[in-house]
Amino acid sequence: MTRDLSRLLRPGSIAVIGGGVWCAAVIEQCRRMGYDGDVWPVHPTRIQVAGERSFASVADLPEPPDASFIGVNRNATIDVVRALRDRGAGGAVCFASGFREAQAEMGDGEGLQDSLLDAVGDMPIIGPNCYGFINYLDGALLWPDQHGGTRCRSGVALVTQSSNIAINLTMQTRGLPLAYVATAGNQAQTGLAEIGQALLEDSRVTALGLHIEGIGDLRSFEALAARAQALGKPVVALKVGKSAQARAAAVSHTASLAGSDAGARALLARLNIAQVDSLPKLLETLKLLHLAGPLPSDRVISMSCSGGEASLMADAAVGRGVTFPKLEEAQQGALRAALGPMVALANPLDYHTFIWNDVPAMTQAFTAALSGDVALGCLVVDFPRSDRCSDAAWDCTIAAGAAAARASGKPLAFVATLPENLSENTAKRIINAKLIPLAGIEEAMSAIEAAAELGGSRPAAAPVLLPGADTAARVWAEAASKAALASHGVIVPQSRRVEAADLRSAAETMPLPLVLKGEGFAHKTEAGAVALNLGTPAAVMEAAAQMNAPAYLLEEMITGAVAELLVGIVRDPAHGFVLTIAAGGIMTEIQKDSASLILPVTDADVDGGLNRLRIAPILAGYRGQPGADRAAIIRAVMAVQDYVIANAAHLQEVEINPLICTQTRAVAADALITTGDIP
C-alpha cells in the first residue's frame, strides 16, 4: 500500500503533543528555522508550552493538523494516535520506544505495536522509536533535538533508521545542501523506502541517500527504485550488516532483518541504487550528484600542481570504476601551449606552479585538460587553514576553474587530499562558482565511481523472486539432489546408488574410470569419503574398504576439466534468493572468488557474473589453453534457477560444487539441496 505522506512531510500546521523537554524542543526548532505554519501544543493541564498557547486535547485543535509530533509514553501514544486518526490528521511521528524493537527486553512490545497499528488505521505514522524528520526547505521540523542544518531552496534528502546517525549527518560541514533528514525508527507502518519515495516526489529534492540497517519490504524497495528512475533522481545507499556484530545490532535495534551482505549488495545493484561503504563517502557522492548529476562515463582528467598529489589520485583509482584516459593529441598540444616545455604531460597531470596566480594561463591549461573525452575534471587543491593562514593566494584556482568549466561545458571538482583542508565556507564559495567541492581523495573516487555507475543505462529488472516462510530444514541426499536438478535440465554424471554388498557388480558394469562416494558424511572430502579416478573394480573395492560406508554413490569420472565452479542459491529472507557463482572445488573457501546476483537472472546476468570472477580468463582460455563451454555453464545456472523458481515456497538452499566445466559441457559432480517442510 502506498500512502500519501505529503501532508505529514510538508505540513501547513503542526501539533506537538506532550509537555516534556522533547516537545518544547520541537516548537523551538520550528521557531528558529522560520516555519510560517501554525504550531499547536497539546497538553491536558498546561496553558502554554514553550511560549505557545496550548490546547487540552486533539479534539480542541482549530482544525485537523497536517503533522503531529507525539511525545508521550508508549501506552498514551496509542490513544493519541487514535484521536488524531478520528480527527482526520495528516500523519504523525511517534517518538516513544518500547514497541516491537523492545520485545526481547520488555515482553509486551509486539502486542503494543499491534495495538498501535490498529489505532492508526490509514493515517501515516513514522516510527515509533524515532526522532522524526527535518524539512529544511520549508523550515518544518518534527525534531526534538539539536541539528546542524540550515534552510535551503533545493538539496538532497537523507533517510536513516537511526536517529543518532541522522543527528550526526546534520552536523556535516561539507557544503552539502540538505533538503530533508528523516528517520524511520522501527518502521511499524511506514518503511524507509516508502519515506524515501515520498521525499523524491518533492521537485526540490535532487538525490536521495539511504542509511540502511535492514531491508524489510522488498516490493517497497523495488517501487522506490522504479520511481527514482522515472523521476531521473539518483539514489545512493550505505548498507550496514557486513559483520556478524553489525547484523546482530540491526536486528535488536530496529526489529528488522539485515540479511547477508552479499545479498544486500546484489539487490541494490539490481535496483540501480549506488552503494558506498562509509558516511563521508555517502555525503560526498550525494554532493557530486546534486551538483553534476550522474556521469555519462567513468573517464576523468586530474590536475594538480604536485607530483605527489597526482600519484595519490592515480593510486586511488586502482580497483575502482574510475579511468584516467591517456591525453589525446589535441589535449597535449593545447596543454603544451599553456604550460610550456618543462611540464611532463600525463593524466593525472602535474601542471607544476609555473602558472600559479596567472588566471588566464591557468584557465587555458584547465580548459585544455577538460577538452578531451572525459566526463569530469578533478583539480586537486588543499586550502590553507583560515585560523592561522591566509588563503587569498588560492582564489586564482576558483577563478580559473570556474572559467574553464564554463568554456569546456564539463563539470570540474575541487578535490582536497585532506577533508579538513576544505572548510565549509570554502566549499560554499566553490559551489557558488558552479564548481564541485569534494573532501578527501578516497571519498572523491568513491563518489565518481558511483556517479558513473548511475550514469549507465540499465534495463528494468524483473520483480525479485520472493522466498517462502522459514521452516525446519531437511537436507537431501546427494543422489536425490542430483535427480531433482536433472529433472530441470542440469547435466549430472552417470551414476548408481548401491549398497555395500552390490558395489563390485555395479563397478563391473559401469564405464571406467569411476568416482566413489560414501554416503552419510556431511563433508565427504574432509572425511575421506571421496575417491577419484578409479580405473578398475578392484580399485573401487579398495577405496570402499577405506570408507566403510553403509551405501555408496558410484559415478562416471568427468575428465577434461577446464575449471571448476560453485553454483549456489540460498534463501535470503531480506533480499530474495541470492545466486552465487564462484571458483569451485576444494579451494572455494580459500579463493573467495565469487559474484552474487538476485533471482530471477537472465543469460546476460550470468555471463556478466562469470566475467567478474578472477578465474574468468581461465574460463575463456588462458595463454592458448582451451576454454570452457560458456553456453553450457550458463544453461546449467539457468536450469538451477528453474528448479528454484518451481520450489521457491519451501526451498532454503541448493548448491552444486563442483560444476565441472569442460570444452563441451558443464556437469554437476556434486549437489546438495536443503528444503523446509514440503506440504
Side-chain angles (χ1 to χ4, degrees), residues 2 156-159 191-201 205-212 214-239 241 259-277 281-299 320-322 375-376 445-466 572 574-579 595-609 611-612:
T2 301
V156 304
L158 288 165
V159 189
L192 179 143
E194 193 173 355
I195 296 171
Q197 184 174 340
L199 296 178
L200 285 176
E201 297 293 344
V205 170
T206 57
L208 174 65
L210 303 174
H211 169 257
I212 306 171
I215 294 173
D217 185 341
L218 282 167
R219 293 291 182 246
S220 183
F221 268 84
E222 288 179 318
L224 165 66
R227 187 58 182 154
Q229 186 170 359
L231 292 169
K233 297 185 179 183
V235 182
V236 187
L238 168 59
K239 169 66 173 66
S260 70
D261 179 61
R265 289 185 174 276
L267 176 66
L268 294 174
R270 181 188 187 90
L271 299 179
N272 201 30
I273 295 175
Q275 298 165 73
V276 294
D277 57 17
K281 291 176 182 177
L282 176 66
L283 293 175
E284 294 304 309
T285 302
L286 288 169
K287 192 194 306 178
L288 176 58
L289 291 169
H290 171 71
L291 294 170
L295 299 176
S297 77
D298 65 358
R299 298 168 62 85
R320 293 190 179 277
V322 178
L376 177 75
M445 287 295 127
S446 181
I448 294 167
E449 181 179 36
E453 288 175 357
L454 290 168
S457 60
R458 290 187 191 175
V464 171
L465 177 65
L466 298 181
D572 182 342
H575 311 116
F577 285 98
V578 182
L579 164 65
S596 294
L597 300 164
I598 297 293
L599 265 57
V601 295
T602 64
D603 288 10
D605 295 331
V606 177
D607 192 56
N611 285 335
R612 293 201 297 274

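Since we're looking at a predicted model, the values are computed, not measured.
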Provide the closest heavy-atom pair for Val276 versus Ser446 in the form atom of the first, atom of the second, distance.
CG1-OG, 3.7 Å
Looking at Leu282 and Gly209, what are the two nearest heavy atoms and their distance?
CD1-CA, 4.2 Å
Which residue pairs pass the salt bridge (Lys or Arg N to Asp or Glu O under 4.0 Å) test when at least one of the two sits in residues 283-295, sequence neighbours left out?
Arg174-Glu284, Glu284-Lys287
For Leu289 and Pro294, the nearest pair of non-hydrogen atoms, with its separation, is CD2-N, 3.7 Å
Within the structure provided, determine whether Pro463 and Glu222 are in side-chain contact (heavy-atom separation under 4.5 Å).
yes
For a 4.5 angstrom cut-off between non-hydrogen side-chain atoms, does Val235 reach Leu268?
no
Side chains of His290 and Leu286 in contact at under 4.5 Å (non-hydrogen atoms)
no
Taking side chain as C-beta onward, heavy atoms only, is Leu579 less than 4.5 Å from Asp605?
no
Would you check if Leu288 and Thr285 make a side-chain contact, meaning some heavy-atom pair closer than 4.5 Å?
no
Run the numbers on Arg219 and Leu466 for side chain to side chain contact (heavy atoms under 4.5 Å, CB included), then give the verdict.
CA-CA 9 Å; Arg219 293 291 182 246; Leu466 298 181; 3.4 Å; yes
Closest non-hydrogen contact found for Ala266 with Ser596 is CB-O, 3.6 Å
Going by heavy atoms in the side chains, are Gln275 and Arg265 under 4.5 Å from each other?
yes
Taking all non-hydrogen atoms of both residues into account, name the closest pair between Ala595 and Arg612 and its distance.
CB-NH2, 3.8 Å
What closest approach, in Å, do Leu231 and Leu200 show between heavy atoms, and which atom pair accounts for it?
CD1-O, 3.6 Å
When rounded to the nearest 0.5 angstrom, what distance separates CG in Asp572 from CG in Leu599?
12.0 Å
First locate atom CG of Leu283, then atom NZ of Lys281, and finally report the distance between them rounded to the nearest 0.5 Å.
12.5 Å
Between Glu449 (side chain only) and Val322 (backbone N and O only), is there a donor and an acceptor less than 3.5 Å apart?
no
Would you mind reporting whether Leu454 and Asn272 have side-chain heavy atoms less than 4.5 Å apart?
yes
Paired with Ser220, the side-chain contact (heavy atoms from CB on, under 4.5 Å) test is passed by just one of Leu218, Asp217, Leu224, namely Asp217
Side chain to side chain contact (heavy atoms under 4.5 Å, CB included) assessment of Val156 paired with Val236:
CA-CA 11 Å; Val156 304; Val236 187; over 6 Å; no
If you round to the nearest 0.5 Å, how far is CG of Leu158 from CG of Leu210?
8.5 Å
Counting C-beta onward and ignoring hydrogens, is there a side-chain heavy-atom pair between Val578 and Ile598 closer than 4.5 Å?
yes
Of all pairs that satisfy side-chain hydrogen bond (donor to acceptor under 3.5 Å, both in side chains), the ones with a partner from residues 227-238, not counting sequence neighbours:
Glu201-Arg227
To the nearest 0.5 Å, what is the distance between NZ (Lys239) and CG (Asp261)?
7.0 Å
Tell me every residue that passes salt bridge (Lys or Arg N to Asp or Glu O under 4.0 Å) with Asp603, counting only those two or more places apart in sequence or in another chain.
none
Interatomic distance, CZ@Phe221 vs CZ@Arg270, rounded to 0.5 Å, equals 15.5 Å
